[in-house]
Protein chains: 2
Amino acid sequence: MRIGELARRTGVNQRLLRYYEEQGLLRPVRRPSGYREYGDADVEQVRRIRTLLAAGLNTTTIADVLPCTADTGNGLAAACPDLLTDLRRERDRISRSIAELHTARTMLDAIIEATSH
Amino acid sequence: MRIGELARRTGVNQRLLRYYEEQGLLRPVRRPSGYREYGDADVEQVRRIRTLLAAGLNTTTIADVLPCTADTGNGLAAACPDLLTDLRRERDRISRSIAELHTARTMLDAIIEATSH
DNA sequence: CTAGACTTTGACATCGATGTGAGAGTCAAG
DNA sequence: CTTGACTCTCACATCGATGTCAAAGTCTAG
């Protein structure tokens, strides 16, 4: 599919899809015309990117992580070496973030509860 | 206490404490010299601010929310009227965010697990 | 009184993902 | 051939919290 369809199917702006490619997160094939040609798998890939971005990872880190995600699902554990340290750090950061969000939500809930009595 | 101590006790940069005041999140008294004078309660206040910021609320929204947080704890439910809609929206956004973070963490865990087998 | 630590205001920089627009090329349908 | 929808690249703007620096005023210990 071309970029327009991918944008439609993922809800992600074309500008961003190009940006993700620039950052090495997507590798569409090029037609003779120069048009980008994406595969069906890229729909899932974009979802993963969005999830990791939402989790606070930057595109550089995601670029390191993505090659691994493809494998882990299948059972084929790729050789993803020393970025393990980074991954653990990210995971811990996410855990802290989740805890913080819980605190914040509890706070809001208390206000909502008290206000709407 | 003055700004230096508050910064030390909260771990928040002085620059930010001034910024929070500018945004209406803190209201330190001024000494004749112009120095800001904070109360002990402001330590907690700053923590709340940091939590809500981390949860993705912007300073404007936080400025609306904070006056309420002081009360809900005590039982005195202040009249925090129509920002209720905003609060529910924020809470839902936070919930979605938590869900996304869980997804991301699971993803990272899978990779970590598969890699360090 | 003086030195040094602290504070003040104000301005400018940064960061990274994201939005937007212009000008030009591609392509399929009529 | 022409039109309209799609795509390309490139450049510039934005947003909001945060960092940092400069010049000047305040205060306290010696």
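Below, all heavy atoms of this structure are taken into account, side chains as well, without hydrogens, waters or symmetry copies. Letters A, B, ... are given to chains in the order of the sequence lines, protein chains preceding strands, and every chain is numbered from 1.
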Novice: In this structure, how many angstroms lie between the C1' atom of C/dA17 and the CD1 atom of A/I62, rounded?
Specialist: 11 Å
Novice: Which part of the nucleic acid, if any, lies within contact of B/R31, taking any heavy atom under 4.0 Å across all strands shown: a base, the sugar-phosphate backbone alone, or nothing?
Specialist: nothing
Novice: If you compare every side-chain N and O of B/N13 against the phosphate oxygens of D/dG19 (OP1, OP2), does one of them come in below 4.0 Å?
Specialist: yes
Novice: Does D/dT9 have OP1 or OP2 under 4.0 Å away from a side-chain N or O of A/R36?
Specialist: yes
Novice: Which whole-number value in Å describes the distance from A/N58 CG to C/dT18 C1'?
Specialist: 15 Å
Novice: State whether B/E5 and B/R9 are salt-bridged, where the test is any N-O pair (Lys NZ or Arg NE/NH1/NH2 against Asp/Glu carboxylate O) under 4.0 Å.
Specialist: yes
Novice: Just compare C/dT9, C/dT26, C/dC12 and give me whichever is closest to any side-chain atom of A/Y35.
Specialist: C/dT26
Novice: Using only side-chain N and O atoms of A/S33, determine if any of them is under 4.0 Å from OP1 or OP2 of C/dC27.
Specialist: yes
Novice: For the pair made of CD1 in A/I3 and P in C/dT26, what is the distance, rounded to whole Å?
Specialist: 17 Å
Novice: On DNA chain D, compare the nucleotides closest to B/L57 and A/Y38; which residue's is nearer the 5' end?
Specialist: A/Y38
Novice: Judged by each residue's nearest nucleotide on DNA chain C, which is more toward the 5′ side, A/Y19 or A/P32?
Specialist: A/Y19
Novice: Picking from D/dT7, D/dT9, C/dG19, which would you name as closest to the side chain of A/L16?
Specialist: C/dG19
Novice: Return the nearest nucleotide to the side chain of A/R15; candidates are C/dT9, D/dT9, D/dC12.
Specialist: D/dC12
Novice: Examine C/dT18: is either OP1 or OP2 under 4.0 Å from a nitrogen or oxygen in the side chain of A/R50? Give yes or no.
Specialist: yes
Novice: Can a salt bridge be assigned to the pair A/R89 and A/D92 using a cut-off of 4.0 Å between side-chain N and carboxylate O?
Specialist: no
Novice: Take atom CD of B/E21 and atom P of C/dT8, then tell me their distance rounded to the nearest Å.
Specialist: 8 Å
Novice: Using only side-chain N and O atoms of B/T59, determine if any of them is under 4.0 Å from OP1 or OP2 of D/dA17.
Specialist: yes
Novice: To the closest 0.5 Å, what do you measure between CZ (B/R91) and CZ (A/R105)?
Specialist: 8.5 Å
Novice: Expressed in angstrom and rounded to an integer, what is the separation of B/E22 atom CD from C/dT8 atom C1'?
Specialist: 14 Å
Novice: Calculate the interatomic distance between B/R2 atom CZ and D/dT26 atom C1'; express it in whole Å.
Specialist: 9 Å
Novice: With a 4.0 Å cut-off, would you call B/R36 and B/E21 a salt bridge?
Specialist: yes
Novice: Could you give the CZ-to-P distance, from B/R30 to D/dC27, as a whole number of Å?
Specialist: 13 Å
Novice: With a cut-off of less than 4.0 Å, is there a side-chain N or O of B/R18 near OP1 or OP2 of C/dA11?
Specialist: no
Novice: State, to 0.1 Å, how close A/A63 and A/G24 come at their nearest heavy-atom pair, and which atoms those are.
Specialist: CB-O, 4.4 Å
Novice: What's the CD1-C1' distance between B/I49 and D/dA17, to the nearest Å?
Specialist: 13 Å
